[in-house]
Amino acid sequence: SRPLRCGRPNRPRRFAMTNLSDTQILVIEDEPDLRAGIQHNLELEGFKVQTSADGRDGLRKARDGQAALILLDLMLPGMPGLEVLRHLREIGRETPVIIISAKGQDRDKVQGLELGADDYVTKPFGLSELLARIRAVLRRTQAGAKAGVGERTNTGTVM
Ligand code: CA
């Protein structure tokens, strides 16, 4: 078999999550087609999905809502994604965040990880990759919450 390449799991393992229907994901992305596509596919997977097309509105929803995970685009109207993330962490919200970045935003990506993002995907990304990363982050953070430790290994940061 081929060796695993970093950042591209070739066969995401199906994960039996008992309470997936209670797991809400907030998608902050201003590209309508991408946002709708992500929403549709996450709902097919059994997630509850809330969306926002604007950074400021997204921050409000992230702050007031019950999202278990946030997908956060970087280039957003209203407020840039990195500012959304910074504000969230400043007010003590530790909701896991996966950054959606465009090609060439490597510096922003690194800064996002330093600000406390848990992972990132680079556009264009495949749905299976996105789902694998969502599951991995949820697994890590939910396992960490259960064990009472903030385990952030692998691709995550150690902030
Ligand atoms: Ca955008």
Side-chain angles (χ1 to χ4, degrees), residues 6-9 12-30 34-35 37-39 41-76 79-102 105 108-123 125-159:
C6 182
R8 200 164 266 271
R13 205 149 44 106
R14 286 269 152 194
F15 232 79
M17 294 183 102
T18 47
N19 60 343
L20 205 59
S21 58
D22 295 330
T23 304
Q24 188 178 97
I25 297 183
L26 172 60
V27 180
I28 309 176
E29 166 64 67
D30 63 320
L34 183 55
R35 188 176 63 246
I38 292 173
Q39 174 173 20
N41 283 289
L42 290 182
E43 284 174 351
L44 284 180
E45 292 292 316
F47 292 103
K48 271 191 206 157
V49 181
Q50 190 180 23
T51 62
S52 177
D54 174 278
R56 205 167 287 275
D57 174 69
L59 175 61
R60 189 177 51 74
K61 284 177 174 160
R63 195 188 54 207
D64 300 341
Q66 299 295 322
L69 185 144
I70 299 167
L71 295 179
L72 179 63
D73 185 25
L74 291 182
M75 304 258 287
L76 289 166
M79 182 187 288
L82 287 179
E83 283 304 303
V84 175
L85 178 58
R86 190 196 311 275
H87 280 284
L88 263 189
R89 295 307 187 233
E90 269 175 10
I91 61 170
R93 280 296 207 138
E94 296 300 327
T95 312
V97 169
I98 297 178
I99 285 175
I100 302 172
S101 76
Q105 290 183 321
D108 290 345
K109 210 153 61 184
V110 170
Q111 206 186 341
L113 291 172
E114 284 172 352
L115 283 172
D118 295 80
D119 203 354
Y120 60 83
V121 289
T122 304
K123 295 176 193 175
F125 50 83
L127 184 71
S128 58
E129 178 183 358
L130 180 65
L131 286 169
R133 288 181 180 279
I134 287 173
R135 289 204 175 89
V137 168
L138 286 176
R139 207 154 59 224
R140 274 208 309 273
T141 52
Q142 287 171 354
K146 268 180 205 147
V149 289
E151 189 197 9
R152 301 256 172 115
T153 50
N154 297 337
T155 55
T157 51
V158 211
M159 294 295 111

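What you see is a predicted model; the values in this text were computed from it and never measured. Computed over heavy atoms, backbone and side chain alike; hydrogens, waters and symmetry mates excluded.
Residues L26 and G58 come closest through the heavy atom pair CD2-O, 3.8 Å. In plain terms, the two heavy atoms of V84 and L59 that are nearest each other are O-CD1, 3.7 Å. Residues A53 and D30 come closest through the heavy atom pair O-CB, 3.4 Å. Of all the heavy atoms in R63 and L88, the pair that sits closest is N-CD2, 4.3 Å. I98 and Y120 make their closest contact through CG2-CA, 3.9 Å (heavy atoms, listed as atom of the first residue, atom of the second, distance). The minimum heavy-atom distance linking I134 with L69 is given by the pair O-CD1, 3.9 Å.
To the nearest 0.5 Å, atoms CD1 (I99) and CG (D73) are separated by 10.0 Å. Here S101 contributes atom OG and Q111 contributes atom CD; the two are 13.0 Å apart, rounded to the nearest 0.5 Å. The CZ atom of R135 sits 10.5 Å away from the OG1 atom of T23 when rounded to the nearest 0.5 Å. Summarising the geometry, atom CG belonging to L131 is positioned 6.0 Å from atom CG belonging to L42; distances are rounded to the nearest 0.5 Å. Separating the CD atom in Q39 from the CG atom in L71 is a distance of 11.5 Å, to the nearest 0.5 Å. Rounding to the nearest 0.5 Å gives a distance of 9.0 Å between CD1 of I28 and NZ of K61.
In this structure a side-chain-to-backbone donor-acceptor pair under 3.5 Å is present from Q105 to A102. In this structure, R56 contributes its side chain and M79 its backbone to no donor-acceptor pair below 3.5 Å. When atom types are taken as modelled, the side chain of D118 and the backbone of V97 share a donor-acceptor pair closer than 3.5 angstrom. Using modelled atom types, no side-chain atom of K123 and backbone atom of I100 make a donor-acceptor pair closer than 3.5 Å.
Heavy atoms of other residues, nucleotides or ligands lying less than 6.0 angstrom from CD of Q66 number 12 at most.
Among residues two or more places apart in sequence or in another chain, the side-chain hydrogen bond (donor to acceptor under 3.5 Å, both in side chains) test is passed with R93 by none.
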Show your reasoning for whether side chain to side chain contact (heavy atoms under 4.5 Å, CB included) applies to L82 and L74. CA-CA 6 Å; L82 287 179; L74 291 182; 3.9 Å; yes
Step-by-step side chain to side chain contact (heavy atoms under 4.5 Å, CB included) determination, V121 to E129: CA-CA 8 Å; V121 289; E129 178 183 358; 4.3 Å; yes
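Taking the side chain as every heavy atom from C-beta outward, H87 and I91 never approach each other to under 4.5 Å. The closest side-chain heavy-atom distance from D22 to F47 is not below 4.5 Å.
Salt-bridge formation is not detected for the pair R35/D54: no Lys NZ or Arg NE/NH1/NH2 atom is positioned less than 4.0 Å from an Asp or Glu carboxylate oxygen. Between E114 and K109, no side-chain nitrogen of the basic residue sits less than 4.0 Å from a carboxylate oxygen of the acidic one, so the salt-bridge criterion is not met. With respect to the salt-bridge test (charged N to carboxylate O, under 4.0 angstrom), the residues E90 and R86 do not qualify.
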